[in-house]
Every structure is written in C-alpha cells, then in structure tokens.
Asker: 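Here's a structure for you.
To find a chain, count down the sequence lines: A is the first, B the second, and so on, and within it residues start at 1.
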2 protein chains.
Amino acid sequence: MLNLERLRVLHAVAVHGSVAGAAAALHVTPSGVSQQLAKLERESGHRLLEPHGRTVRLTHAGRTLAGYAARVVAEAAGAESDLADLSAEIIGPLRLGGVGSSLRALLPDVLAELTRAHPRLVPTLVDGEAVGMVPLLARGDLDLLLVESWANRPLALPAGLATRTLAVEDVHLALGEGHPLADRECVDLGDLDGQVWATCPAGTEPYEALVQALRAVGREPEIRYTVTEFATQLALVARDLAVALFPEMGQSPAPPGVRFVPVRPRMRREVLAAWRAPGLAGRRPSPLPAARDGGARRLPRPTASPAVRACVEALSRVEWSSPSAL
Amino acid sequence: MLNLERLRVLHAVAVHGSVAGAAAALHVTPSGVSQQLAKLERESGHRLLEPHGRTVRLTHAGRTLAGYAARVVAEAAGAESDLADLSAEIIGPLRLGGVGSSLRALLPDVLAELTRAHPRLVPTLVDGEAVGMVPLLARGDLDLLLVESWANRPLALPAGLATRTLAVEDVHLALGEGHPLADRECVDLGDLDGQVWATCPAGTEPYEALVQALRAVGREPEIRYTVTEFATQLALVARDLAVALFPEMGQSPAPPGVRFVPVRPRMRREVLAAWRAPGLAGRRPSPLPAARDGGARRLPRPTASPAVRACVEALSRVEWSSPSAL
DNA sequence: CTGTACCCGGTAGCTCCGCTTCACGGTCAC
DNA sequence: GTGACCGTGAAGCGGAGCTACCGGGTACAG
C-alpha cells in the first residue's frame, strides 16, 4: 500500500521542479525530501526521478504517480476546506429517506432549492416503507425521513427522534365518474360496504389506516388491489374497478374519469419530517456524561447537522397545507 | 494539513462500521485505530464519531470527511494499479509536441487509435515552432515531438534525442489557376524571379527552407505574406496574390483555383518523430555510472516509456509516404 | 579554464509518532 | 444477572522521519 504522505512529497517535487524547491515548500530539508522519494521509489518499484543537470526531473512513472498525487492533494485540500466551513455552512452528505406520496409532492422543489443555495451539499434519497425506514433513521443510516401519519392511526416513532409537521391534508374518496356515489357532496364511510378497494401494499400506512377507519364504523374493506403507485390506483378507480382513499397530495395528476369526494368522519393525514435529536439520544437520559465526552480536551457533543436543519426549514417553508384543512 | 494516513483509518471505519472491524482490516489493534481517530478529531476540529450502543457511528462531519477519504483511497488504489501495470501496459501521461502541418495530417488518427487501444493513456498536445519545441523535448517537458525537416536544410537536433522518419514527401509549388506557370508540368526554381511569396512566419522551417532553396539558385524571394495557417496561404494563392511551397500533407483540403506543380531541383520534406533516448542522454557518454545508479539496491535506469514507444510505432504504421516520392 | 555556488544523495544520530499491551467502563444477548 | 464484546485510555517500546553534515557533480561567471 502506498504511503499517502510520500505522494504529497512527490507532488511538491512535480510542482516546484526540484527537490530543493519542494523541501522549501514543505518546510523540511532537501535531504528529507530525497529520502522520502527514495523510499517511494523502492516501494513503488519504479524510478520516479532521473538526474537532469544539477536538478532532477520526473520519469514517466514519476509523472504518472504525480498525477495521482495531485488529485490526492486536491482531495485533501477540499476536505480541509469543507471541514473549515462545516460549522457555518450547509455542506456534506444529506441522506434523505421518504415514505409514500410525500416524496413527489414535497421533495423535488426543496432539493432543487437547497442544492442551488448550497452547492456543496450532496443529498441522497432512498424511499421505502415506514416500517423499514424508521429503524434506518434511528440507527443513523439516514439523516432525515419524510413519513406520513394518518390521524386515525398516528405513527409511533421511537424515542430520540424529533419531528416537525410539514403538511396536514384531508383524505378523500376516489371514485369512478360512473360510480353511484360519485355525485355525493360527502360520503359516509358506513355507506361503503361491499365496495372493492385499491390501496397501497399491506403493512403500509395507507393500507392500515384504511382498514382501521372502516373497522371503526363496523366494516371490513374488501381490498382486492394493493399497488404502490398512486397513479396505478387511480387508473383502477377510473375504470370503476375499485374505490380508494387519497390524500390531497396524491390527487394530481389524476386521469380523466376520477372524482374525489370528502368522507365522513373526516380523515386527515400529516406529512412529518423526522430526524435524530442529539439531546435525547439513548434509551434513558444517562446521568453520567457519555464516555466520549469524558476527556477535558474533548470536542463538544455534535448537535443536529446544519444540513438537516436547513432541509427541515426548507421543507417547512413549502407550506403545503390543504386549503380545505383550514 | 490533514494526515492522509488517518483518512485511510477513517475510511476503514466508515466501510466496516466499527472500530474493531476497521482494526481487523488494517491489521492493527482497535486501540490504535481509536487513537488515530482521536487525533484526527483534534486536528480537524470536529467530532467524527459518536457512541451508538456498544459501537460507533459517524457524525455528519465524519461522513463528510469519510467521503473525501474514500476518494483519496480510491486514487491511491488507482495509482497502485497503474504502477503495477506501468512496465507492461501503455499507461499514463504522454506529452506530445507538434510543429507545423505534420500535426493535422498524422496525429488525430493516431491519437484516436492509441486512446482506443489504451484507455489509461492520457495524451496531451502542444504545438509551436521547432525553435521553441526542441528545447522543451530535450529538457523533458515533452515526451515526443513531431518536427519537419526540409531536405535542403536538415533539422539539427541536440544529442540525446532519437528520431524516426514518419513520412517523406515532395514539395510542390502552389499557383493560382490564372498564373502564367500554372500549366507547366514542372517549374524550375530559377524561373521564379519576381514572384510574390506566401509562407509560414520567419524563423520557421518552411520559411527558412524557401529562402535557402531560392538562394541556392541565385534568387532572393520576395516574401510578402507570412501566416501560420496553410489554409490562409492557399487562399492567398487562389486569388493570385502569391505563390507558395507546399508539402503534400499541406495540400488538402485546397480551395478551388489552386494548382500544385512539381519543382526543379526536386524538394523533399520529412516528418520526424523525436524523443529522448535514455541510453545516450547527457553531453558525453560519461565513463562512470550516473550517481543515481550507484547504490546496489537501486532500481534499473528507466528506458523510453512504453507510451512513447507505442506512439512512435503507431505513427510509423500510418505510412504517409508520398506516392510521388517513390 | 578555473573557481564558486548550488543541487542532489548518503550517513549518523536524535526526536517523536504510532503501535501494542493491559486495564476499565459501558452495552447487548442469553 | 452475567458473560462477551466494543471502544477508550495509559505506559512503554520500536521504528519512521527529520536534521546536520559531507561528498560528488553541474551550471555559470570571470
């Protein structure tokens, strides 16, 4: 394995054109540089320098290696620059997770705005189901998670996570235009016996919320279609193959032939942002300071990263509050 | 300045997810890894790890830095890979120089072929005049140089350079179609008194070759137009503003209205590839071995790089020998 | 041609860095 | 509860890397 420090020495020689110049730049003696280069030659198995007058020049192998060295040094300089700005600037990786339809309605605009304002921010995104994503967030594999929580079945989050409500919206019943209930102003859930339902896969929040809402009025939904994509569900509804529950964020774009009707009792869905709250981490608030904070010269405990805070702020600013939710 | 070795430690922790795993991968004890990370935290000024159960996870600063570390390690691995293949494969930078029209006729095809066959070869190209480029080659700022040498004025190259002839071609006189000599089968240089000449800038090979060729028959050319681009010279010739000497490589594409006529005495031009010949370097073949070869454990003296040899071979294969030169 | 200044490479010696060993507190699983 | 595992810290040792110095060689001025 190559010694990375020695690559820095080689790069200095390539830049300054001489051992003496490199030594001056690195604040060491020429002898030290020469020794490092000799070792680099031995461990790389190639001559890197050849005498040229009273100075040296790089061989082909030396130039090849110096090219890598230049990139390594540039990476190191970039890292230092990022570290210097890390406390103040919005920088570095931001690992986002999303669940369900909240992704499409909220994230693209916010990510566009964030990356425009903070070019050194590197967001990544994974979507999935709440049951799988929440543990990822708690374990530290995600920085920020967008989840949905249905009012009749509030999402349970483990301790140590902070949340903010990004949107509250009504849930409507989607019907085909030819459906007998399509012209109602409002539909009672109790009137929905015998309907065929489409919803998201079993285990997801919309599925469980649908089942619980109907059981609350003494009905058991006949769920015949479970598909992840709202667009597919709407296509089924448009052909009168099923009815479905839709939060407002999922209603556009809708294909022709679909009607959305409020339901009674009123159903609401929230979209939440969740992240680890450093202050409350751990099962119990341990009375002793954590081990890594013991030493006097230790650095302070990390707080929520500026990147997470900035993203939550940007998401909050979107104000996707349903007009009918007022 | 960040310690590059410590970045490798951080990367190992990021990959293996624990101090113990990183320690095993690096073949050191967990304590050693922990100490290196603590130093990295101190010198970076940020917490990089935080406790998480009985293991650790990276903070935002840690992930940011680990991203750089991953790239640094990847560069180092790439460098090692290139070094391992350097003796056998065509790899690394190839700094080409070109003089005059030889560039356009020969290089593009050869470079396309070379980079297709050897994707890890990184050619660069600079063009200029022989008077400036030859010292660059001798000094080691170029690996390979394409130069032209006119038979009546052979190019003088310093010792230590090897050459290969890539093409030999006749030089013709370019005339406008309406020129009185345009219908001749052959033009005697001695008949060209009083002509207005276009050629390359003073000091270049074509300029000096023109002057010497005419002086050899007792004439002094009236050079009124000196422009670098052959296309511009041809445009002047096409409008009967001047006559010019053109090697065959410079004759296409020619604008309408230009005739090319052989000259007497016959003029020839060669295109040469020149590179440093390691065996003959230095002014005199020094009787003692060079200083850098002294040590017994020293590596062998570098020979011409495979990249240079491959490029010379590819250039030789082009076989741009003039049909009329046979 | 000669003297001088400079550059590179090698050697001896010293300093400091980094690793290992050992020990301890905390966490998780049985 | 208890044992296994993880991460961290202190002490000590070995080696890596630096400096100081010297010698060989080159470029440049006179």
Asker: To check you understand the geometry: which heavy-atom pair defines the closest contact between B/L58 and B/R63, and what is its length?
Answerer: O-NH1, 3.1 Å
Asker: Do you know which two heavy atoms are closest between A/L2 and B/A76, and how far apart they sit?
Answerer: CD1-O, 4.2 Å
Asker: Starting at atom CG of A/L7, determine the distance to atom P of D/dG17, rounded to an integer number of angstrom.
Answerer: 13 Å
Asker: Whole angstrom is fine here: how far is it from CD in A/E41 over to C1' in C/dG10?
Answerer: 14 Å
Asker: Between P on C/dC8 and CZ on A/R47, what's the gap in Å once rounded to a whole number?
Answerer: 14 Å
Asker: Return the value, rounded to whole Å, for the distance between atom CZ of A/R42 and atom C1' of D/dG17.
Answerer: 13 Å
Asker: Please state how far atom CD in A/E50 lies from atom C1' in C/dC7, giving the value in whole angstrom units.
Answerer: 16 Å
Asker: In whole Å, what is the span from the NE2 atom of B/H16 to the P atom of D/dG7?
Answerer: 13 Å
Asker: Strictly by modelled atom types, are B/T165 and B/E270 linked by a side-chain donor-acceptor pair under 3.5 Å?
Answerer: yes
Asker: Between the protein and nucleotides 18-21 of chain C, which nitrogen or oxygen pairs are less than 3.5 angstrom apart?
Answerer:
{"unit_1": "C/dG18", "atom_1": "OP1", "unit_2": "B/R6", "atom_2": "NH1", "d": "3.2"}
{"unit_1": "C/dG18", "atom_1": "OP2", "unit_2": "B/R6", "atom_2": "NH1", "d": "3.2"}
{"unit_1": "C/dG18", "atom_1": "OP2", "unit_2": "B/K39", "atom_2": "NZ", "d": "3.1"}
{"unit_1": "C/dC19", "atom_1": "OP2", "unit_2": "B/Q36", "atom_2": "NE2", "d": "3.1"}
{"unit_1": "C/dC19", "atom_1": "N4", "unit_2": "B/Q35", "atom_2": "OE1", "d": "3.4"}
{"unit_1": "C/dT20", "atom_1": "OP2", "unit_2": "B/T29", "atom_2": "N", "d": "2.7"}
{"unit_1": "C/dT20", "atom_1": "OP2", "unit_2": "B/T29", "atom_2": "OG1", "d": "2.9"}
{"unit_1": "C/dT20", "atom_1": "O4", "unit_2": "B/Q35", "atom_2": "NE2", "d": "2.9"}
{"unit_1": "C/dT21", "atom_1": "O4", "unit_2": "B/S31", "atom_2": "OG", "d": "3.2"}

Asker: Please report, rounded to the nearest Å, how far the C1' atom of C/dC7 is from the CZ atom of A/R57.
Answerer: 16 Å
Asker: B/E5 has an atom CD; how far is it from atom C1' of C/dC16, in whole Å?
Answerer: 17 Å
Asker: Indicate whether any N or O donor in one side chain lies under 3.5 Å from an N or O acceptor in the other, for B/S31 and B/Q35.
Answerer: yes
Asker: Less than 4.0 angstrom from a charged side-chain N to a carboxylate O is my criterion; do B/R57 and A/D141 meet it?
Answerer: no
Asker: Is there side-chain contact between A/L10 and A/L65, with at least one heavy-atom pair below 4.5 Å?
Answerer: yes
